[in-house]
Amino acid sequence: MTQRSFAISRRSFLGTSAAASAALAFRVVTEPMLAYAARPAAGGFHDGVAIDANENPLGPCTAAREAIVNIVPQGGRYSFWLTDELTDQLAASEGIKSDYVRVYRGSSEPLHHTVAAFTSPQRTYVTADPGYEAGMMAAETVKARVVKVPLAKDYSHDVRAMLAAAPDAGVFYICTPNNPTGTLTSHSDIEYLAENKPKGSIVLIDEAYIHFADATTAIDLVKADKDVVVLRTFSKIYGMAGLRCGAMFARPDLLDKMESHSGWNAMPIPALVAASASLKDPQLIPERKRINAEIRTSVFTWLDRNGYSYIASQSNCFMLDTKRPGKEAIQAMAAQRVHVGRIWPVWPTYVRVTIGTASEMEQFQVAFKKVMTGAVTASMYPVGSSRKRRGGELAVRT
Ligand SMILES: Cc1ncc(COP(=O)(O)O)c(C=O)c1O
């Protein structure tokens, strides 16, 4: 019988041959790679309900769409000044100097290169468990020790335990709201971490999901010249995951150290003008935050009514207890063309669910109930052949 494995095991990730290992040593790991690697192979990648990659089903706002159409005739030029303009706009919107801001094609690349620049075999990478995996995988490429510290009881990052765990730390990674739990770490805890961390280390704050939550940014610590780096992305509330735009806020010397690893590449100009137009839309964040919160509340109300367990989230994703090996639940949901997200080994019965549209979440509810009542099981999932997909060695083998 064919064995189907969803685990992104160290072995499958790194591959088995020396050549594969060498090729992977510098690879930037991204959310879509992790999401697609965990998705069952049969049934296609773009059919059914996709609530496994923390995407925003609303896509870019109207003004962003118009800006993209209007910039297309200029597509023959790099148009570097558009990058400068967006940098200035971001700096002005956060009240920080422009030389503390850099714009990139999403936040995955600066995340990877920051970790690679500030960790090493002598400087440890410290992260939460469960936490977003990409930074940890970046640390592995430079052979840094990785320390995973369990989330605190309230699902915030346990900054005191993180400090105690690695006196040799190079990077403390804080994702708030956290991917996958959607839970917050307070500004005072982040400040404590920044004040008490070992000399030479940095605190890397990933604010990819901050606009969905009532949270305080850590950009004030960057302004105060602390050893703090803040990452933002246009992939989440702005609905631009496929367009690729993100930003990094840090002291210029920290930005330079990161760029000594990454280099710099021209930005896609549709992404630049779409980001710029999105920032100018005063309704975008409050409106989308409200829509996401309303759908999330209605899903949580339904889960409560049915006695299902989950972790209350302030973001566009949450962890759901399937009360069985999470991989089986993913497969049983996929059999109904509802693709829910991956598991984290520390909580093997939980899967991550992204908040989709109201209608997608209704389909999720119907499918999940069938899984929980045993009406649909993993064994009903059609076994397909393995296929080549983006993510290469991350791909699930059948
Ligand atoms: C916590 C976190 N950081 C960073 C990213 C990177 O996103 P992007 O490269 O699309 O900006 C993601 C994507 O899902 C994420 O979840």
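All heavy atoms count here, side chains included; hydrogens, waters and symmetry mates do not.
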Between [X] and [Y] (salt bridge meaning N to carboxylate O under 4.0 Å), is one present in this structure?
X: Lys148; Y: Glu133; value: no
X: Asp99; Y: Lys97; value: no
X: Asp52; Y: Arg352; value: no
X: Asp206; Y: Arg232; value: no
X: Arg342; Y: Glu31; value: yes
X: Lys199; Y: Asp227; value: no
X: Glu191; Y: Lys226; value: no
X: Asp256; Y: Arg102; value: yes

Would you call the rings of Tyr238 and Phe234 parallel, tilted or perpendicular, taking 30° and 60° as the class edges?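 Ring orientation, 0 to 90° scale: tilted.
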Should the pair Trp347 and Tyr350 be assigned to parallel (<30°), tilted (30 to 60°) or perpendicular (>60°) ring geometry?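 Trp347 vs Tyr350 ring planes: tilted.
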Going from [atom1] on [X] to [atom2] on [Y], what distance comes out if it is rounded to the nearest 0.5 angstrom?
X: Ile210; Y: Thr233; atom1: CD1; atom2: OG1; answer: 13.0 Å
X: Ile330; Y: Glu328; atom1: CD1; atom2: CD; answer: 10.5 Å
X: Asp321; Y: Ile311; atom1: CG; atom2: CD1; answer: 8.5 Å
X: Met333; Y: Phe368; atom1: CE; atom2: CZ; answer: 7.0 Å
X: Thr185; Y: Met162; atom1: OG1; atom2: CE; answer: 8.0 Å
X: Leu279; Y: Glu94; atom1: CG; atom2: CD; answer: 9.0 Å

Measure from NZ or CZ of Lys257 to the centre of the six-membered ring of Phe118 and say whether it is under 6.0 Å with the direction within 45° of the ring axis.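 The answer is yes; both the distance and angle limits are met.
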Are Arg160 and Tyr192 in a cation-pi contact, defined as NZ or CZ under 6.0 Å from the six-membered ring centre and within 45° of the axis?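 Relative to the ring axis of Tyr192, which defines the angle, Arg160 lies inside both limits.
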Applying salt bridge (charged side-chain N to carboxylate O under 4.0 Å, His left out), run through Lys236 and Glu55 and close with a yes or a no. CA-CA 6 Å; Lys236 304 303 172 185; Glu55 296 155 322; over 6 Å; no
Any donor-acceptor pair under 3.5 Å linking the side-chain atoms of [Y] with those of [X]?
X: Ser315; Y: Ser313; value: no
X: Tyr310; Y: Asp304; value: yes
X: Glu207; Y: Thr176; value: no
X: Asn306; Y: Lys369; value: yes
X: Asn178; Y: Tyr132; value: no
X: His187; Y: Thr216; value: no

Is there a donor-acceptor pair under 3.5 Å between the side chain of [X] and the backbone N or O of [Y]?
X: His112; Y: Gly135; answer: no
X: Gln331; Y: Thr377; answer: no
X: Thr217; Y: Ile219; answer: yes
X: Arg324; Y: Thr322; answer: yes
X: Trp344; Y: Gly131; answer: yes
X: Arg65; Y: Pro60; answer: yes
X: Ser120; Y: Arg123; answer: yes
X: Arg244; Y: Ala241; answer: yes

Is any side-chain heavy atom of [Y] closer than 4.5 Å to one of [X]?
X: Trp81; Y: Thr83; value: no
X: Tyr100; Y: Arg251; value: yes
X: Val299; Y: Gln365; value: yes
X: Glu360; Y: Pro57; value: yes
X: Asp189; Y: Ile174; value: no
X: Val230; Y: Met248; value: no
X: Leu254; Y: Ile202; value: yes
X: Met240; Y: Ser278; value: yes

Run the numbers on Asp158 and Lys153 for salt bridge (charged side-chain N to carboxylate O under 4.0 Å, His left out), then give the verdict. CA-CA 9 Å; Asp158 190 339; Lys153 279 206 174 64; over 6 Å; no
Evaluate side chain to side chain contact (heavy atoms under 4.5 Å, CB included) for Lys289 paired with His211, printing each intermediate quantity in order. CA-CA 7 Å; Lys289 183 180 176 186; His211 300 113; over 6 Å; no
So that I know where these two stand, are Phe172 and Tyr125 an aromatic pair - ring centroids less than 6.0 Å apart?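 Not under 6.0 Å, so no.
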Might you work through the side chain to side chain contact (heavy atoms under 4.5 Å, CB included) test for Ile96 and Val222, ending with a clear yes or no? CA-CA 9 Å; Ile96 193 167; Val222 176; 3.7 Å; yes
Apply side chain to side chain contact (heavy atoms under 4.5 Å, CB included) to Thr301 and Thr297, showing your working. CA-CA 6 Å; Thr301 305; Thr297 302; 4.1 Å; yes
Heavy-atom pair of closest approach, residues [X] and [Y]:
X: Pro130; Y: Leu151; value: CD-CD1, 3.8 Å
X: Val351; Y: Gly341; value: CB-O, 3.6 Å
X: Ile237; Y: Arg288; value: O-NH1, 2.9 Å
X: Ile190; Y: Ala218; value: CG2-CB, 4.4 Å
X: Thr183; Y: Ala312; value: CG2-O, 3.7 Å
X: Gly326; Y: Ile343; value: CA-CG2, 3.6 Å

Of the options Val126, Val115, Ile205, Leu111, which is the one that meets Tyr173 in a side-chain contact (heavy atoms from CB on, under 4.5 Å)?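 Among the candidates, only Leu111 passes.
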Stepwise side chain to side chain contact (heavy atoms under 4.5 Å, CB included) test for Val147 and Thr127: CA-CA 6 Å; Val147 174; Thr127 185; over 6 Å; no
side-chain hydrogen bond (donor to acceptor under 3.5 Å, both in side chains), that's the test. Do Asn54 and Tyr209 meet it? Break it down for me. CA-CA 10 Å; Asn54 287 358; Tyr209 301 92; 3.0 Å; yes
